Amino acid sequence: MVPQIVRVDDRQFRLYIGQAKIEQEVTRIAGELERDFSAKDPIFMPILNGAFMFASDLFRKFDFPCQITFLKLASYSGTGSTGTVKQLIGINRELKDRVVVVLEDIVDTGITLETILRQLSGFQPAEVRVATFLHKPDCTIREVRLDYVGMEIPNDFVVGYGLDYNEYGRNLREIYQVVE
Ligand code: 5GP
């Protein structure tokens, strides 16, 4: 039985997106990526920490030649954006003339993604696409093109499926929304 309410660190969260819906959207995005990139030898680039679960579920569905390399960035502290992005682990792979698909857990203000896309362009890839599991369109500060989106959600803080609250809750298999 999936709990309707969970406690993560010092806050309560309510069940928001269940495993079946997550699986349905991941399968859909995997199909779209396979259709668009199976003949392009793509490099998938999950943004750590949050995207590890989405990336893992997605990646195991691919039956075509592809590679994966990880970037680690941080822009959040607690439940609010700090507005600044620190790059913790950089790009260490030859990307020139390659097709790169950035994998995000969630796009909120767009600041993180804008920073990533700016850094990536310096490596002269042939093409850069973005797949994000969640998108909060009401929070957009920087317009960035999202090529593949799992679900659009309102401006409420969520945890689970790789997303954390104070580094806890990433292991939850469902996505939960903060209870105010
Ligand atoms: P942005 O730079 O678009 O504002 O934020 C992107 C990053 O902020 C995400 O990769 C994620 O780490 C974090 N973030 C944004 N919204 C949420 C949220 O509702 N829950 C959690 N746990 N992290 C979020």
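Model, not experiment: these values are computed from the prediction. Ligands are counted one by one from 1 in listed order, and the atoms in each one are counted from 1 as well. Keep in mind that the numbers below use all heavy atoms, side chains included, and drop hydrogens, waters and symmetry copies.
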Subject >> Worked check of side-chain hydrogen bond (donor to acceptor under 3.5 Å, both in side chains) between Tyr161 and Asp105 >> reply: CA-CA 9 Å; Tyr161 197 58; Asp105 49 356; over 6 Å; no
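On a distance-only criterion, Phe157 and ligand 1 share no N/O pair closer than 3.5 Å. Checked against a 3.5 angstrom limit, the closest N/O atoms of Tyr165 and ligand 1 fall outside it.
Remark: ligand 1 atoms within the under-4.0 Å shell around heavy atoms of Thr112 are 1 (P), 2 (O), 5 (O), 6 (C). Residue Gly110 has at least one heavy-atom neighbour below 4.0 Å for each of these atoms of ligand 1: 1 (P), 3 (O), 4 (O). Counting the atoms of ligand 1 from 1 in the order shown, those under 4.0 Å from a heavy atom of Thr109 are 1 (P), 2 (O), 3 (O), 4 (O). Against a heavy-atom cut-off of under 4.0 Å, Asp164 is close to the following atoms of ligand 1: 21 (C), 22 (N).
In Asp105, the part holding a heavy atom less than 4.0 Å from any atom of ligand 1 is the side chain.
For Leu113, the closest heavy-atom approach to ligand 1 does not fall below 4.0 Å. Distances from ligand 1 to the non-hydrogen atoms of Glu114 include no value under 4.0 Å.
Remark: of the listed residues Lys61, Arg28, Arg173, Lys61 is the sole one forming a salt bridge (charged side-chain N to carboxylate O under 4.0 Å, His left out) with Glu23.
The existence of a salt bridge linking Lys40 and Glu127 is confirmed by a sub-4.0 Å separation between a basic side-chain nitrogen and an acidic carboxylate oxygen.
In this structure, Thr140 contributes its side chain and Arg142 its backbone to no donor-acceptor pair below 3.5 Å. For Asp147 (side chain) and Val130 (main-chain N/O), a donor-acceptor pair under 3.5 Å exists by modelled atom type. For Arg129 (side chain) and Val99 (main-chain N/O), no donor-acceptor pair under 3.5 Å exists by modelled atom type.
Distances from atom 9 (C) of ligand 1 to the heavy atoms of Asp108, Ile141, Ile106, Asp156 show the closest one on Ile106. For atom 20 (N) of ligand 1, the candidate residues are Leu48, Val158, Thr140, Asn49; the nearest heavy-atom contact is made by Val158.
With ring centers used as reference points, Phe13 lies under 6.0 Å from Tyr165.
In this structure, the ring pair (Phe, Tyr, Trp, His ring centres under 6.0 Å) partners of Phe44, at least two apart in sequence or on a different chain, are Phe62.
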